[in-house]
Peer 1: 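Just dropping this structure here.
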Protein chains: 2
Amino acid sequence: MNIGQAAEASGVSAKMIRYYENIGLLPEAYRSASGYRKYSAADIHRLKFVRRARDFGFPMAQIVELLALWSDRARPSSEVKRIALAHMDELDAKIKHLRALQKSLKTLASHCHGDERPDCPILEELEH
Amino acid sequence: MNIGQAAEASGVSAKMIRYYENIGLLPEAYRSASGYRKYSAADIHRLKFVRRARDFGFPMAQIVELLALWSDRARPSSEVKRIALAHMDELDAKIKHLRALQKSLKTLASHCHGDERPDCPILEELEH
DNA sequence: ATAATCCTTCCCATCATGGGAAGGTCAAGG
DNA sequence: CCTTGACCTTCCCATGATGGGAAGGATTAT
């Protein structure tokens, strides 16, 4: 399978497949005589795995670890769980941050008339 | 005031002050005879405004608009409110997304033993 | 006068992704 | 057999907001 079909089948763009190979997330693909990258069903399987890990929001560094664990039959599931929990902590921190921002904004916006008058507590707050 | 003191006073790094000037967010700074950027109290005031808008998570494009409204005495507060509400919508969308990710992960992680055994529903889910 | 600190511009890196150019390859159809 | 179009290759550039650092000039303090 060429890279275009692999991209289609896995949901990872050809650009990203080359990029992943480049940064060492994926092993170097087998090449045809003319230099085309060739992908097997197992390769597609791995690409899908990466794709889904991205969908879950895992950063690349964690995906590297997850891929290693995935292909390690003797892995302890505690390692996988540890990565997942750490990621959840990251998500939690981000959510908390965004919610705090939203809360502040909400308060400000609720005090803003939102009409043709120029006075506005939002600008006043930014001005400080 | 030189750029270093302006950075200190405003909480915006010298690097970022130059960058903001470069992308047109801020007007070109007055220069001394030897080419040093010089900042007035009004400049510091504007830098602080930008800084606080960043703290609220506004993207640069919105900050450009907010700055323009800030210096427009005839602005309608509805314009400011519109920008703030749009930003809140963005934050809301991000929060929803992160919460959805977290919810999925939580379910998966709760089913993972997290011990020395290799079987793990997290990897199984990623594998699909 | 000299050293230390500040300033200038310019380049590079992040992270994951896409756009696009220049040029080689392959498959289908006339 | 040759052309055409679709595909592939590598390489460079851009994103957004930020920092690091180098090379060289300016200012300030000793």
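First the proteins, then the strands, lettered A, B, ... as listed; each starts at 1. Given the structure is predicted, the values throughout are model-derived calculations rather than measurements. Values reported hereafter were calculated over all heavy atoms of this structure, with side chains retained and with hydrogens, waters and symmetry mates removed.
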Peer 1: Ring-plane angle category for B/F49 and B/W70, please: parallel below 30°, perpendicular beyond 60°, tilted otherwise.
Peer 2: parallel

Peer 1: At 4.0 Å (heavy atoms only), tell me whether B/R54 reaches a base, stays on the sugar-phosphate, or touches nothing.
Peer 2: sugar-phosphate

Peer 1: Are B/D55 and B/R52 close enough for a salt bridge, meaning some N to O gap below 4.0 Å?
Peer 2: no

Peer 1: Measure from the side-chain N and O atoms of A/K38 to the backbone N and O of A/A29, and report whether any donor-acceptor pair falls under 3.5 Å.
Peer 2: no

Peer 1: Donor-acceptor pair, distance only, cut-off 3.5 Å: does the side chain of B/R99 make one with the backbone of B/K103?
Peer 2: no

Peer 1: Can B/E116 and A/R75 be counted as an ion pair, charged N to O under 4.0 angstrom?
Peer 2: no

Peer 1: Please identify the 5'-most and 3'-most nucleotides of DNA chain C with any atom under 4.0 angstrom from a heavy atom of chain A.
Peer 2: C/dA16 to C/dC26

Peer 1: With a 4.0 Å heavy-atom cut-off, tell me which residues in residues 21-40 of chain B come close to DNA chain C, sorted by residue number.
Peer 2: B/R31, B/G35, B/Y36, B/R37

Peer 1: Can a salt bridge be assigned to the pair B/E21 and B/R37 using a cut-off of 4.0 Å between side-chain N and carboxylate O?
Peer 2: yes

Peer 1: Distance-only, no hydrogens or angles: does the B/K48 side chain make a donor-acceptor pair with backbone N or O of A/H128 under 3.5 Å?
Peer 2: no

Peer 1: For the pair made of CZ in B/R51 and P in D/dA17, what is the distance, rounded to whole Å?
Peer 2: 15 Å

Peer 1: Answer yes or no: is there an ion pair linking A/R46 with B/E127, defined by an N-O contact shorter than 4.0 Å?
Peer 2: no

Peer 1: For the helix from C/dA1-D/dT30 to C/dG30-D/dC1, what angle lies between the axis at the first five pairs and the axis at the last five pairs, to 10 degrees?
Peer 2: 30°

Peer 1: For the backbone of A/D115 and the side chain of B/S77, can you confirm whether one donor and one acceptor N or O come within less than 3.5 Å of each other?
Peer 2: yes

Peer 1: Round to a whole Å and report the spacing from CD of A/Q5 to P of D/dA6.
Peer 2: 15 Å

Peer 1: Donor-acceptor check, side chain of B/H87 to backbone of B/G57, threshold 3.5 angstrom: yes or no?
Peer 2: yes

Peer 1: Using the closest heavy atom to pick a nucleotide of DNA chain D for each, name whichever of A/I3 or B/S13 lands nearer the 5' end.
Peer 2: A/I3

